[in-house]
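Beneath this line is the structure, given in structure tokens, with notes to follow.
Just so we're on the same page: letters track the sequence lines, and every chain starts at 1. Side chains included, hydrogens not; waters and symmetry mates left out as well; all remaining heavy atoms used.
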There are 2 protein chains.
Amino acid sequence: MNANPLLKGSLQTIILKLLEDNSQMYGYEITQRVKEVSEGSIVLTEGALYPALHKLEADGFLETFTQVVDNRVRKYYRLTDAGGKEVTSKLSEAQAFIDQLQTLLNLKPATK
Amino acid sequence: MNANPLLKGSLQTIILKLLEDNSQMYGYEITQRVKEVSEGSIVLTEGALYPALHKLEADGFLETFTQVVDNRVRKYYRLTDAGGKEVTSKLSEAQAFIDQLQTLLNLKPATK
DNA sequence: TTTATATACCTAAATTTGTTATGTATATAA
DNA sequence: TTATATACATAACAAATTTAGGTATATAAA
């Protein structure tokens, strides 16, 4: 569905950032939000998303609670305190990597 | 050595771009150049680099020739015509992805 | 009513792409 | 003679995906 090799490694960061901005979201909602905001160019597959959410929870960065809406169960995620710190860390890592990559690929207008 | 999950997917693009700018480079030279330009923050491991070079050659994007310098063999790579087109394609993909990622992560100063 | 689409979760097999570890070999400085 | 730099390479392992499949409800269309 996606076939975007560049996505690799940034999925956790995307999830954490969305939960920093929204306080609570469920899995399906995350896929839809990413699709919207990226205008369809970044599509999260469920096979990647759910394991990533479970791992972030196992690592103590997310906590969950369920809610039933229209007879369907939604599993909501929210950041823990540790998760809040992790967002900051991941974002600065991402920014640093993007900067270096843009330099290497000459995708920056000016070096200074 | 590296442990940078964000690198995944961008290695081929980095190699192709360097060869667009330099016309010919050998493997070891590529690792050193990347380390220099990124100020040590992006380190290409040999276990990733050489297989990537071999794959790009097998795909017809690179061609090779050897040269002996100080009794040591250097294997130089250069872009083929197909490789030249591939660089352009990979660079615009990378730029688009970086743009979307920065939007998602709110790492952009202004949306417009 | 049955089919398709959207919503909503999940897991398992296979694949891609990297790291880590190891091997070979020469040049050079300590 | 030892360590470090240069220069290539492959193999075992690990991580993070894709692809494919499964379950279930709601709703609109045929």
Rounded interatomic separation in angstrom, taking CD1 from B:I30 and P from D:dT6
15 Å
Nearest-angstrom distance from the residue atom NZ of A:K55 to P of D:dA16:
6 Å
For atom CG of B:L49 and atom P of D:dC8, their distance in whole Å
8 Å
Expressed as a whole number of angstroms, how long is the span from B:D70:CG to D:dA5:C1'?
12 Å
Could you state the CG-P distance from A:L44 to D:dA16, rounded to the nearest angstrom?
15 Å
As a test of reading the structure: which of C:dC10, D:dA9, C:dT17 is closest to the side chain of B:Y50, going by heavy atoms?
D:dA9
What's the closest nucleotide to the side chain of A:Y28 if the choices are D:dA9, D:dA26, C:dC9?
C:dC9
Counting side-chain heavy atoms from C-beta on, which of D:dA9, C:dT19, C:dT11 comes nearest to B:Y77?
D:dA9
The Watson-Crick or G-U wobble partner of C:dA6, with both key distances under 3.5 Å, is D:dT25
B:K8 side-chain N/O to C:dT19 phosphate OP1/OP2 under 4.0 Å:
no
At less than 4.0 Å, is any side-chain N or O atom of B:R72 found next to OP1 or OP2 of C:dT26? Yes or no.
no
Where the side chain of B:P51 is concerned, which of D:dT6, D:dT10, C:dC10 is the nearest nucleotide?
D:dT10
Grab the CG-P distance between B:D59 and C:dT17 for me, whole Å please.
10 Å
Base, sugar-phosphate, or nothing: which does B:R74 touch, judged by heavy atoms less than 4.0 Å apart?
sugar-phosphate
Atom CD of A:Q12 and atom P of D:dA15: how far apart are they, to the nearest Å?
12 Å
For C:dT11, take OP1 and OP2 only and decide whether either is under 4.0 Å from a side-chain N or O of A:H54.
yes
Can you tell me which nucleotide in D:dT17, C:dA8, D:dT25 comes closest to the side chain of A:N71?
D:dT25
Would you please test A:F97 and B:S10 for side chain to side chain contact (heavy atoms under 4.5 Å, CB included) and show each step?
CA-CA 11 Å; A:F97 180 73; B:S10 48; 3.7 Å; yes
What nucleotide, of D:dT18, D:dT17, D:dA7, holds the atom closest to the side chain of B:Y26?
D:dA7
Determine, for A:K85 against A:D81, whether the closest basic-nitrogen to carboxylate-oxygen distance falls under 4.0 angstrom.
no
Minimum-distance nucleotide to A:A48 side chain [options: D:dT17, D:dT6, D:dA9]:
D:dT17
Contact class for A:G27 (heavy atom, under 4.0 Å): base, sugar-phosphate, or nothing?
sugar-phosphate
To the nearest 0.5 Å, atom CG of B:L53 lies from atom OH of B:Y26 at 13.5 Å
Between the side chains of A:Y76 and A:R74, is a donor N or O closer than 3.5 angstrom to an acceptor N or O?
yes
Could you verify whether a donor N or O on one side chain and an acceptor N or O on the other, from A:T31 and A:E46, lie under 3.5 Å apart?
no
Using a cut-off of 4.0 Å on non-hydrogen atoms, how would the nucleic acid contact of A:E46 be classed: base, sugar-phosphate, or nothing?
base
Tell me the interatomic distance from B:E57, atom CD, to D:dC8, atom P, rounded to whole angstroms.
13 Å
Option from A:E57, A:K75, A:R78 for which side chain to side chain donor-acceptor pair (under 3.5 Å) with A:T64 holds:
A:E57
